[in-house]
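Reading through the structure tokens given below for one structure.
Atoms within each ligand, like the ligands themselves, are counted from 1 in listed order.
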Amino acid sequence: AKSGKYGTVCHCDKAMLGKLRRRGEIVRILKDKLADQSFEMYYQPIYSVKEGNFQFAESLMRINESPIGPIYPSEFIPIAEETGLIIDITYVILDKVCKFINRLLEKKIPVGSIHVNFSGVQFSQPDLQEKVLGIIRQNKIPASAIKIEFTESTLADSPQTVTEFAAEMGKYGIKMGLDDFGTGYSNFATVISIPFGTIKIDKSIMWASTGNITSAAAIKHIVNTFKALNMKVVAEGVETEEQVMSAIDAGIDQIQGYYYSRPLSEEDMERFLAENNRR
Ligand code: C2E
Ligand code: CA
Ligand code: CA
Ligand code: CA
């Protein structure tokens with residue numbers, strides 16, 4: 001709305017109103033789902049090249065059912081971030097993931113660690129460390145079963161906070177992973193100064209490198225640098241056999257993508273791990 005000598009004029013057109021209304025509905029859905037913790041968690045298996053099994057997985061939030069139908073993370077995550085709802089949602093997610101790990105361990109289904117995505121907004125919370133440790137302790141799972149994944153842009157926005165958080169979490173054995181590497185935000189010196197367990201190379205980079213000798217060579221070089229620093233390198237978005245081959249050729253340690261599996265419901269993930277990780 002704009003105030004001028006003709007009074008307040010709204011330039012909002014129908015499309016914009018529709019957008020605002022949808023946003024409002026999504027905010028309400030997020031609040032409802034947070035209140036009764038009814039959003040779903042999916043899990044995408046991550047393949048370990050050397051071991052030939054699936055020790056890791058990434059947790060991904062889903063809203064499959066709502067009054068306006070399924071809503072995709074690309075739409076609801078930014079809204080959850082803008083409204084700050086992501087902060088409490090993340091604690092609920094962490095708790096759900098811990099409970100899932102607990103159930104797997106009770107059933108003797110082998111699982112290494114599960115990645116949980118942390119949005120940059122999370123790092124504005126002064127009690128973040130206590131909250132995270134508290135949730136993991138309450139659930140009585142080994143701290144090493146959780147890996148906190150945050151993006152390059154988060155690291156670029158608050159390098160100090162993230163570095164301190166990583167160091168503190170490391171003391172307790174909680175792992176840290178950098179997501180979206182190569183999307184162009186972070187300072188390489190900052191990246192290598194943090195004790196990341198894993199660096200995940202963004203899917204756009206993986207896709208650009210397939211069949212492209214120059215960028216394949218660049219990836220190989222980056223992978224070697226991280227490996228020399230004792231970091232594992234993960235490739236995401238791997239869909240085809242050709243991409244698997246080029247990831248392995250580049251020395252990538254772990255591979256995540258539709259080639260192995262799409263994100264699975266908890267039930268399907270449990271079955272997947274039981275079938276693919278026999279001891
Ligand atoms: P991300 O963290 O980079 O997650 C990887 C995304 O790539 C996921 O999309 C996954 O389903 C997708 N993906 C995996 N393998 C392939 C593949 O082979 N091909 C293609 N085309 N895509 C693949 P998703 O689940 O839609 O999530 C999108 C983004 O939303 C995530 O990107 C993350 O930034 C955010 N997000 C999702 N769940 C959560 C969550 O629980 N917390 C937070 N903070 N963010 C989340
Ligand atoms: Ca991620
Ligand atoms: Ca990613
Ligand atoms: Ca991403």
Side-chain angles (χ1 to χ4, degrees), residues 26 30 33-34 37-47 54 56-64 70-98 100 113-125 128 132 135 146-155 157 162 175-186 196-210 233-244 246-247 252 254-266 268-269:
I26 292 175
L30 285 169
K33 298 224 174 240
L34 175 60
Q37 312 201 345
S38 63
F39 48 78
E40 295 169 69
M41 293 314 295
Y42 270 54
Y43 297 90
Q44 188 175 30
I46 300 175
Y47 181 73
F54 298 85
F56 309 103
E58 176 172 17
S59 64
L60 296 157
M61 186 183 162
R62 291 287 179 266
I63 297 180
N64 290 330
I71 314 168
Y72 296 102
S74 55
E75 185 173 20
F76 70 71
I77 293 287
I79 297 175
E81 290 178 334
E82 284 155 25
T83 53
L85 286 167
I86 194 71
I87 293 166
D88 285 333
I89 289 176
T90 302
Y91 294 135
V92 174
I93 288 174
L94 182 61
D95 188 60
K96 281 179 187 277
V97 173
C98 289
F100 181 46
S113 56
I114 297 190
H115 297 221
V116 179
N117 289 289
F118 269 37
S119 146
V121 185
Q122 210 70 30
F123 292 91
S124 65
Q125 299 300 295
L128 179 61
V132 169
I135 294 167
I146 293 291
K147 176 168 283 174
I148 294 171
E149 201 170 284
F150 52 84
T151 63
E152 243 197 17
S153 62
T154 299
L155 180 60
D157 289 344
V162 170
K175 299 176 184 160
M176 304 293 288
L178 184 69
D179 196 7
D180 294 354
F181 179 81
T183 46
Y185 290 97
S186 56
F196 290 115
T198 55
I199 304 283
K200 198 183 278 185
I201 301 189
D202 195 66
K203 44 183 174 288
S204 59
I205 310 283
M206 293 315 299
W207 293 341
S209 77
T210 322
V233 188
V234 191
E236 71 172 8
V238 172
E239 297 180 348
T240 64
E241 191 162 358
E242 191 194 1
Q243 289 168 344
V244 171
S246 63
I252 298 268
Q254 296 161 22
I255 305 176
Q256 177 180 1
Y258 295 171
Y259 178 79
Y260 291 108
S261 173
R262 289 187 172 252
L264 304 170
S265 70
E266 211 170 279
D268 289 342
M269 183 64 188

Requested in this report: Could you pull out the closest heavy-atom pair between Ile86 and Glu81, with the gap in Å?
Outcome: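 That closest heavy-atom pairing would be CG2-CA, 3.9 Å.
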Requested in this report: Quick one: closest heavy-atom pair of Ile252 and Ala235, and the distance?
Outcome: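 Taking every non-hydrogen atom into account, CG2-N, 3.7 Å.
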Query raised in the report: Got a sec: is Thr151 within less than 3.0 Å of the Ca ion (ligand 2) via an N/O/S atom?
Result: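 Given the 3.0 Å cut-off, Thr151 does not count as a ligand of the Ca ion (ligand 2).
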Considering [options] one by one, which has a heavy atom nearer to [atom] than any of the others?
atom	options	result
atom 27 (O) of ligand 1	Pro73, Ser59, Gly120	Pro73
atom 12 (C) of ligand 1	Lys203, Glu81, Glu239	Lys203
atom 4 (O) of ligand 1	Val116, Ile46, Leu60	Leu60

In ligand 1, which numbered atoms sit nearer than 4.0 Å to a non-hydrogen atom of [X]?
X	answer
Gln44	14 (C), 15 (N)
Asp180	3 (O)
Gly237	16 (C), 17 (C), 18 (O)
Ile93	41 (O)
Asp179	1 (P), 2 (O), 3 (O)
Glu236	3 (O), 5 (C)
Gly257	15 (N), 18 (O)
Val238	18 (O)

**Report entry** Proximity flag Tyr260 to ligand 1, non-hydrogen atoms under 4.0 Å
**Finding:**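 For ligand 1, residue contact (heavy atoms, under 4.0 Å) with Tyr260 is absent.
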Query raised in the report: Does Glu58 have a non-hydrogen atom less than 4.0 Å from ligand 1?
Result: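 Right, Glu58 reaches ligand 1.
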Report task. List the steps, then state whether side chain to side chain contact (heavy atoms under 4.5 Å, CB included) holds for Val92 with Phe39. Result -> CA-CA 10 Å; Val92 174; Phe39 48 78; 3.5 Å; yes
Requested in this report: Specify whether Phe196 and Phe150 have parallel, tilted or perpendicular ring planes, treating 30° as the upper limit for parallel and 60° as the lower limit for perpendicular.
Outcome: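 Ring orientation of Phe196 relative to Phe150: tilted.
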Query raised in the report: Roughly, to 10 degrees, what angle do Asp180 atom OD1 and Glu236 atom OE2 form around the Ca ion (ligand 3)?
Result: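 Taking the Ca ion (ligand 3) as the apex, I get 100° for this pair.
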Between [atom1] of [X] and [atom2] of [Y], what distance do you get to the nearest 0.5 Å?
X	Y	atom1	atom2	answer
Ile205	Thr183	CD1	OG1	7.5 Å
Asp180	Glu236	CG	CD	6.0 Å
Ile255	Gln243	CD1	CD	10.0 Å
Ile89	Gln122	CD1	CD	10.0 Å
Asp268	Tyr42	CG	OH	7.5 Å

Query raised in the report: Taking both backbone and side-chain atoms of Tyr258, is any N or O found less than 3.5 Å from an N or O belonging to ligand 1?
Result: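 N/O-N/O distance below 3.5 Å exists for this pair.
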Report task. Kindly confirm or rule out an N or O of Thr90 lying under 3.5 angstrom from an N or O of ligand 1. Result ->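 There is no such contact.
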Query raised in the report: With backbone taken as N, CA, C and O and side chain as the heavy atoms from C-beta onward, which portion of Arg262 lies under 4.0 Å from ligand 1: side chain, backbone, both, or neither?
Result: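 It is neither; nothing of Arg262 touches ligand 1.
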Query raised in the report: Do you see an N/O/S atom of Glu149, backbone or side chain, under 3.0 Å from the Ca ion (ligand 3)?
Result: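 Under 3.0 Å: Glu149 has no N, O or S contact with the Ca ion (ligand 3).
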Query raised in the report: Of all the atoms in Asp202, is at least one N, O or S atom closer to the Ca ion (ligand 3) than 3.0 Å?
Result: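 Given the 3.0 Å cut-off, Asp202 does not count as a ligand of the Ca ion (ligand 3).
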Requested in this report: Just give me the atom name: the N, O or S atom of Asp179 closest to the Ca ion (ligand 2).
Outcome: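 Closest N, O or S atom of Asp179 to the Ca ion (ligand 2): OD2.
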**Report entry** Glu58 atom (N/O/S) at minimal separation from the Ca ion (ligand 2)
**Finding:**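 For Glu58, the N/O/S atom sitting closest to the Ca ion (ligand 2) is OE2.
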Requested in this report: Check whether any side-chain N or O of Gln44 sits under 3.5 Å from a backbone N or O of Ala57 as a donor-acceptor pair, and report yes or no.
Outcome: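 Answer holds: no.
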Query - Which residues share a side chain to side chain donor-acceptor pair (under 3.5 Å) with Asp95, sequence neighbours left out - result: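 Residues passing side chain to side chain donor-acceptor pair (under 3.5 Å) with Asp95: Lys99, Asn139.
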Query raised in the report: Do Tyr259 and Tyr47 make the cut of ring centroids closer than 6.0 angstrom?
Result: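 No; Tyr47 has its ring centre 6.0 Å or more from that of Tyr259.
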Requested in this report: Output, in order, the C-alpha distance, side-chain angles, deciding distance and verdict of side chain to side chain contact (heavy atoms under 4.5 Å, CB included) for Ile148 and Val132.
Outcome: CA-CA 10 Å; Ile148 294 171; Val132 169; 4.1 Å; yes
